[in-house]
Amino acid sequence: MAFDSLSEFLAMGGHAPYVWSAYGATAALLLAVGWHARAERRRVRRDLERRVRRERRQAEAADASTDERPAR
């Protein structure tokens with residue numbers, strides 16, 4: 001379908017509310033998916049960093065407790 005003017009293009013043959021709301025909803029959903037992926041990535045990285053710190057502390061505590069034991 002070819003349009004003769006910009007106003008005809010924007011009117012979309014009388015279907016403008018449906019067409020432009022569909023484009024708007026799609027754009028909003030794509031932005032929301034991108035935002036959610038970023039937030040999830042940050043959460044996973046934060047959780048992994050906490051886990052590494054916890055495991056490091058546990059390993060240091062285990063080393064310290066074996067160093068304090070008397071040799072047999």
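Atoms considered below: every heavy atom in the structure, side chains included; atoms not considered: hydrogens, waters and symmetry mates.
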Using the test side-chain contact (heavy atoms from CB on, under 4.5 Å), find all partners of [X] that sit at least two apart in sequence or belong to another chain.
X: Leu29; result: none
X: Arg38; result: Arg42
X: Arg46; result: Arg43, Arg50
X: Asp4; result: Glu8

Holding to salt bridge (charged side-chain N to carboxylate O under 4.0 Å, His left out), I want the full list of residues that pass it with [X], two or more places apart in sequence or in another chain.
X: Arg57; result: none
X: Glu55; result: Arg51
X: Glu49; result: none

Can you tell me which residue pairs pass the ring pair (Phe, Tyr, Trp, His ring centres under 6.0 Å) test with a partner in residues 21-51, sequence neighbours excluded?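 Sorted pair list: Trp20-Tyr23.
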
Other hydrophobic cluster members with Leu30, side-chain heavy atoms of Ile/Leu/Val/Met/Phe/Trp/Tyr under 4.5 Å, chained?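 So far as hydrophobic clustering goes, Leu30 is joined with none.
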
Test side chain to side chain donor-acceptor pair (under 3.5 Å) applied to Ser5 - qualifying residues, sequence neighbours left out: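 By the side chain to side chain donor-acceptor pair (under 3.5 Å) rule, Ser5 matches Ser7.
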
Looking at side-chain heavy atoms only, is the closest gap between Met12 and Tyr18 below 4.5 Å?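 Answer no - side chains too far apart.
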
